[in-house]
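Since the structure comes first, as structure tokens, the remarks are kept for the end.
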Amino acid sequence: MRLVALDADGGRLDEEETGADGLPALVARWEAEHSPRWVWSDAAAWSPRLLAAGVRVQRCHDLRLVHRILRHSALVHDAQALRAADVWDTPLDPPEPVRDAGATLFDLEATSPRSGAVPSDLEETLAEHARQRTALSRAEDPARLRLLVAAESAGALIAAELQAAGIPWDVTEHDRILTAALGPRPAPGTPPSRMVAAGAEVRAALDDPLVPLDSPPKLLRALHRAGIDVPSTSQWELQQHQHPAIEPLLRYKKMSRLLTANGWTWLDEWVHEGRYRPVYVPGGVVTGRWASSGGGALQIPRQLRPALRADPGWRLISADVSQLEPRVLAAMSGDTAMIAAGAGKDLYSGIVEAGIVQTRQEAKIGVLGALYGGTTGDSGRVVPRLRRNFPAAMALVDGAAATGERGGTVTTWLGRSSPALEESWSQAQRAANQVDAAAGQQEAARRSARERGRFTRNFVVQGTAAEWALSWMAALRLQLARFEEVPETVAAAASGPVFSRRAHLAFFLHDEVIVHAPAEQAEAAATAIREAADAAGRLLFPGSAIDFPLDLKISERSAQK
DNA sequence: GTTCCCCGCGCG
DNA sequence: AAAGCGCGCGGGGAAC
């Protein structure tokens, strides 16, 4: 394969050829000599093989991810050429981890580039890069879009690095939690003892020795037969009722969830040599949030947090942002009252102290209602008060909702736009507005419009929060990469060649990061996390008084909240 | 026998 | 307690 060096205007400066085996060494040399921004087809395809060889790059431009932003962004006016190149519009997940070691027939496929992936040959890579450069240079507000492009690309590197380093995971502690909750690990195919016991209690209370507790339709019929009149078997419906079967059933459901989602089978499949290596999917959510694929990385139950444990002589530094989304909304809208309510403290308490609501819980429900479009219950009662006290913030989300109800497109702070609607949606709306439209048709169209409005209302805030989080992690990653290496004697070998001797990101969850660091670097890592949060705030909202306070802890074990 | 959808629930 | 947004996953069971 060939590497080409380009100048700032896209002109060719230099090029070099190498075989696949020589690639990491050549990349390492160019990285050291030029510190370039690597333009490549897809970090998810290139980065893992470099990391495995002990090579890390500082910056990249991920053509696949950037393409998906630019082709939809309302800030890009001249996108015909980009949209025509639709092989680049690929949502492809990273390759499946090889689960079946016996599948030798497919070994070749597992190590070669992914079938159906974006092009990776030099000419098409250069052509797409040129299209993206053109689109960016002609965009409205190119500076913001360039921040987004850089942040999204940094995210692609971080996702690959998080997977390579892994989360230090204490199998013994995980087993202890499972055993305490479920009973000792049972033989394969048999349920654990405490589930068996809870199941027996439910069946006795229902006076029905054969109820299949794992089949919602059958369980629902059995509940009805016992006189428990619930519309579904969900826990919050069950909690409304008094019956001796309810308590053991809820207990059974909790245990069943833990066992099937994160039980011993999960442990065997996903934790190896003390590391859980989740598959992150940057840009996997329409709003720009990350998704995950396999292992449920973004749904690790809080109950299992104690199983995250630093290697000997290392620490975990976990930090989450307090009320990220409302703060992002306050900053975007420049709502001075809302910014002031959160300044240096808990935003919800600030709303109470400003005399807008009585309790922190009310403040939280009201703010979530504002972000999600809640109209009923407590949230519906509090939102109007927020609308009076935070007019700019509420105007921003109300405006986004109104745009969505009309079928319009909304755009995040840095330029990611909501996906286009199906033509059938607009047709249904038009049809419902004809004089002869049936009442049911009109009601369905109104409901669908309101749903779209709630989606676009939330999109601008959730999407901008995702941009803030990417900027935070990108700044943090570069700072951590400058830390000194610690001696081989305290290396965390399981973190792999790039990360075993230096503080590194180990976990990310929307508004939370965990860094795994040698004990002597823990304080410095904590400082870096705080500085990166401040930097992200200034980068996205220069001149704004908004702050992003962190809840940060240094420990050997990740504490349960 | 395989594929797809729904339910329910974990996370933010 | 959920509600109002965004996800992934396992299990059951219908559809193919």
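Labels below follow one simple rule: chain letters A, B, ... track the order of the sequence lines, proteins then strands, and each chain is numbered from 1. For the numbers below, each heavy atom of this structure counts, side chains included, while hydrogens, waters and symmetry mates do not.
Residue-level contact check: Ala291(A) touches the backbone only, with heavy atoms under 4.0 Å from sugar-phosphate atoms and none from bases. Residue contacts shown for Val286(A) are limited to sugar-phosphate atoms, with no base heavy atom under 4.0 Å away. Residue Leu509(A) is in sugar-phosphate contact alone, with no base atom involved, counting any heavy-atom pair closer than 4.0 Å across all strands shown. Counting non-hydrogen atoms under 4.0 angstrom, Thr233(A) reaches the backbone sugars and phosphates but no base. Residue contacts for Gln240(A): at a heavy-atom cut-off of 4.0 Å it reaches no nucleic acid atom on any strand shown. Residue-level contact check: Asn262(A) touches neither bases nor backbone, having no heavy atom under 4.0 Å from any strand. Within the nucleic acid shown, Ile300(A) comes within 4.0 Å of sugar-phosphate atoms alone, with no base atom in reach, counting heavy atoms only.
Syn is the glycosidic conformation of dG4(C), whose angle stays within 90° of 0.
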Inset, instruction - Step by step, work out the ring pair (Phe, Tyr, Trp, His ring centres under 6.0 Å) result for Trp413(A) and Phe541(A). - result: CA-CA 9 Å; Trp413(A) 189 245; Phe541(A) 308 111; 5.4 Å; yes

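Distances shorter than 4.0 Å separate some side-chain N or O of Ser232(A) from OP1 or OP2 on dG8(B).
The aromatic rings of Trp468(A) and Trp472(A) sit tilted relative to each other, their planes meeting at an angle between 30° and 60°.
Using a cut-off of 4.0 Å between Lys/Arg side-chain N and Asp/Glu carboxylate O, Arg452(A) and Glu422(A) are scored as not salt-bridged. Salt bridge absent: Glu173(A) and Arg309(A) never bring a charged side-chain N and a carboxylate O closer than 4.0 Å.
Of the candidate nucleotides dG11(C), dC11(B), dG13(C), dG13(C) has the atom lying nearest to any side-chain atom of Lys218(A). The side chain of Arg257(A) approaches dG8(C) more closely than any other nucleotide in the set dG8(C), dA2(C), dG6(C). Of the listed nucleotides (dG6(C), dG10(B), dG12(C)), dG10(B) has the atom at the smallest distance from the side chain of Gln235(A). Listed nucleotides: dG10(C), dG12(B), dA3(C). Nearest to the side chain of Arg302(A): dG12(B). Ranking dG4(C), dA2(C), dG12(B) by closeness to the Asp378(A) side chain, first place goes to dA2(C). Considering only side-chain atoms of Tyr372(A), the nucleotide from dC11(B), dG12(C), dC5(C) that sits closest is dC5(C).
Side-chain atoms of Gln299(A) and base atoms of dG8(C) include a donor and an acceptor less than 3.5 Å apart. Side chain Arg454(A) to base dC5(C): no donor-acceptor pair is found below 3.5 Å. You'll find a donor-acceptor pair under 3.5 Å spanning the side chain of Arg289(A) and the base of dG12(B), going by distance alone.
For an aromatic pair to be called close, the ring centres must be under 6.0 Å apart, and Tyr276(A) with Trp266(A) satisfies this.
Regarding Leu386(A), its CG atom lies at a distance of 15 Å from the C1' atom of dA3(C), rounded to whole Å. Note: NZ (Lys253(A)) to C1' (dG10(B)) measures 13 Å, nearest angstrom. Rounded to whole angstrom, the span from the CG atom of Asp214(A) across to the P atom of dC7(B) amounts to 17 Å. Rounded to an integer number of Å, the gap from CE of Met255(A) to C1' of dG8(B) is 17 Å.
In this model, no donor atom of one side chain and acceptor atom of the other lie less than 3.5 Å apart for Ser418(A) and Thr409(A).
In this structure dG4(C) sits in no base pair that meets the Watson-Crick or G-U test at under 3.5 Å.
Both Gly369(A) and Gln239(A) sit near DNA chain C, but only Gln239(A) has its closest nucleotide nearer the 5' end.
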